[in-house]
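The structure under discussion appears below in the form of structure tokens.
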Amino acid sequence: MKPCHTFQEMRNSKFTPDEITVRCLLCAFTSSNSYCQGKQVHSYVLKKGFISEVSVCNTLLTMYAKCSDLSDVFDIFEEMEGIMDLVSWNATMTACLKHNHNNVFGLLRMMHCFDHEPDHVTLTNVLGACAVVPSLDKGYQVHCFALKTGLETEASVMNGLIDMYTKCGVLINAHKLFDSFSDPDVVSWSSLIVGYAQFGYGKEALELFQTMRNRGVKPNHVTFVGVLSACSRVGLVDEGLHYYSMMETEYGILPTREHCSCVVDLLARSGRLKEAVSFINQMPYDPDIVVWNTVLAACKTHQNAEIGRHAAESVLRLDPSNSSAHVLLCNIYASTGNWEDVARLRKLMRSTGVRKAPGQSWIEVKDGVHVFSVEDRSHPQMDEIYMVLGDLSLEMMEAGYVPYGGFDSFEVVPS
DNA sequence: CTTGGCAACC
């Protein structure tokens with residue numbers, strides 16, 4: 001029986017729907033992602049005057065956050081002045097975080113002005129926002145607040161802190177916090193494993209995975225993404241393939257698209273390019289741009305023109321304006337002396353106006369964000385920055401560092 | 001019967 005039919009039947013009966021009925025309906029439409037039906041309930045809510053009920057508004061906020069965009073969420077939120085409670089603030093923050101809107105900190109300041117005290121849901125959201133920037137400065141402030149209020153003991157806050165420190169690259173803090181946690185769950189373990197894997201500590205990640213299993217915590221699909229990428233980073237290809245099959249046979253977890261991408265990365269990065277392509281051909285998903293880009297990058301490293309050409313052409317079929325695939329394909333044609341195709345591709349790029357998007361990086365210093373892009377020398381302290389950069393580059397080379405892609409792509413001073 | 005299925009490949 002569908003919720004809308006039950007609702008219709010109820011309206012024809014002697015029972016009158018109340019705000020609880022409405023909330024249940026909204027929950028149902030939120031989980032089935034039914035925007036149109038959710039909107040109809042919204043109209044009903046307005047007609048029957050339930051809009052003055054704060055819990056109904058909160059459920060509306062959640063429904064729009066899941067089924068629509070932020071403008072619908074803010075429309076409701078702005079109409080709620082005077083009746084909003086802690087849940088309203090939290091639901092709106094969750095919506096901002098979900099839609100990558102950078103207003104979580106603004107909402108935190110606003111809720112403070114409205115005399116609402118943050119709870120563990122608020123802190124979990126704010127920590128999530130610290131992790132995406134990422135901002136260690138703000139993260140430390142939230143950590144202090146969590147200690148002061150005792151919210152640190154809350155599992156979601158603890159996991160949020162572990163994830164925040166991981167994303168900020170301070171694995172020591174993440175691990176310390178993890179050790180102080182009496183009862184780490186699958187999320188805590190996975191955050192740490194993924195963190196170690198991402199920063200290149202594959203061995204440590206795999207050791208953590210082993211300890212986790214020994215302690216009887218059941219890994220899930222996210223844990224395995226971490227495990228597979230850990231294997232990929234340190235070149236443990238056969239171990240990675242072993243974990244990939246273990247995932248299904250021992251834990252009954254069916255591989256998602258992410259797991260398949262990890263296996264492609266695992267094979268391609270180590271130079272087993274043919275196997276990577278045959279894995280792509282037999283995996284249960286249509287290959288997307290991510291997997292072909294992975295293969296393409298690996299072909300560049302391992303100097304494989306034949307598969308590289310296939311990968312680049314596949315990327316361009318899915319995204320005809322992909323500039324880096326154009327450039328790499330050009331290089332592949334050139335490396336095999338295929339000058340006709342080089343000329344053809346260069347002409348095509350000029351006529352379609354495909355240009356390489358400039359790379360950007362940024363760093364947060366105190367309360368300002370400093371942005372840098374290629375060949376941009378507009379920063380007021382540029383001379384000092386390049387002096388330090390030059391020293392660092394020398395030190396790195398003396399230590400034996402060879403940049404990815406070789407020295408020809410390594411520029412100390414822009415031309 | 002109102003906020004959280006938190007953590008994820010390049």
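In what follows, every chain begins at residue 1, and chains take the letters A, B, ... in the order their sequences are listed. What's counted below: heavy atoms across the whole structure, side chains too, no hydrogens, waters or symmetry copies.
Between A:Glu19 and A:Arg23 no salt bridge is recorded (no basic side-chain N to carboxylate O distance below 4.0 Å). Using a cut-off of 4.0 Å between Lys/Arg side-chain N and Asp/Glu carboxylate O, A:Arg344 and A:Asp341 are scored as salt-bridged.
A:Ser156 comes within 4.0 angstrom of a nucleotide base, judged by non-hydrogen atoms across all strands. Within 4.0 Å (heavy atoms only), A:Asp85 reaches no atom of the nucleic acid at all. A:His259 comes within 4.0 angstrom of nothing in the nucleic acid, heavy atoms only. As judged by a 4.0 angstrom heavy-atom cut-off over every strand, A:Asn293 is placed among residues making no nucleic acid contact. Heavy atoms of A:Gln198 sit under 4.0 angstrom from primed sugar atoms or phosphate atoms, though from no base atom.
Listed candidates were B:dC10, B:dT3, B:dA7. Nearest to the side chain of A:Ala91 is B:dT3. Of all nucleotides listed (B:dC6, B:dC10, B:dA7), B:dA7 comes nearest to the side chain of A:Lys167. Nearest to the side-chain atoms of A:Val290 among the listed nucleotides B:dG4, B:dT3, B:dC10 stands B:dC10. Taking only side-chain atoms of A:Asn159, from C-beta outward, the nucleotide of B:dA7, B:dC6, B:dA8 with the closest atom is B:dC6. Residue A:Arg233 places its side chain closer to B:dC10 than to any other of B:dC10, B:dC9, B:dT2. Taking the side chain of A:Ser229 as heavy atoms from C-beta on, and the options B:dC1, B:dC9, B:dC6, the nearest nucleotide is B:dC9. Listed candidates were B:dA7, B:dT3, B:dA8. Nearest to the side chain of A:Val194 is B:dA8. Of the candidate nucleotides B:dC9, B:dC6, B:dC1, B:dC9 has the atom lying nearest to any side-chain atom of A:Val225. Checking B:dT3, B:dA7, B:dC1 against every side-chain atom of A:Val187, the shortest atom distance belongs to B:dA7. Between B:dA8, B:dC6, B:dT3, one nucleotide has an atom nearer to the side chain of A:Val222 than all others, and that is B:dA8.
The nearest whole Å value for the distance from the NZ atom in A:Lys218 to the P atom in B:dA7 is 20 Å. Nucleotide B:dC9 holds its P atom 16 Å from the OH atom of A:Tyr285, rounded to whole Å. A straight line from CE of A:Met93 to P of B:dT2 spans 21 Å, rounded to a whole angstrom. Rounded to whole Å, the distance from CH2 on A:Trp292 to C1' on B:dC10 is 15 Å. We find that CE of A:Met164 is positioned 19 Å from P of B:dC6, with the value rounded to whole Å. As a whole-Å value, the separation of A:Glu117 CD from B:dT3 P is 22 Å. B:dT2 atom P lies 15 Å from atom CG of A:Leu61, rounded to whole Å. One interatomic measurement links the two molecules: CG of A:Leu296 to P of B:dC9, which rounds to 20 Å at whole-angstrom precision.
Taking only distance into account, the side chain of A:His120 meets the base of B:dG4 through a donor-acceptor pair shorter than 3.5 Å. For A:Ser261 and B:dC9, a side-chain-to-base donor-acceptor distance below 3.5 Å is present, hydrogens and geometry of angles not being considered.
Using modelled atom types and a 3.5 Å distance limit, the side chains of A:Asp18 and A:Thr21 yield a donor-acceptor pair.
Checking each of A:Ile193, A:Leu192, A:Val186 against A:Ser190 for a side-chain contact (heavy atoms from CB on, under 4.5 Å) leaves exactly one that passes, namely A:Val186.
Below 30°, between 30° and 60°, or above 60°: for A:Phe114 and A:Trp89 the angle between ring planes is between 30° and 60°, a tilted geometry. Using cut-offs of 30° and 60° for the angle between ring planes, the A:Tyr44 and A:Phe50 rings count as tilted.
Atom C1' of B:dC10 sits at a distance of 23 Å from the matching atom of B:dC6, rounded to the whole Å.
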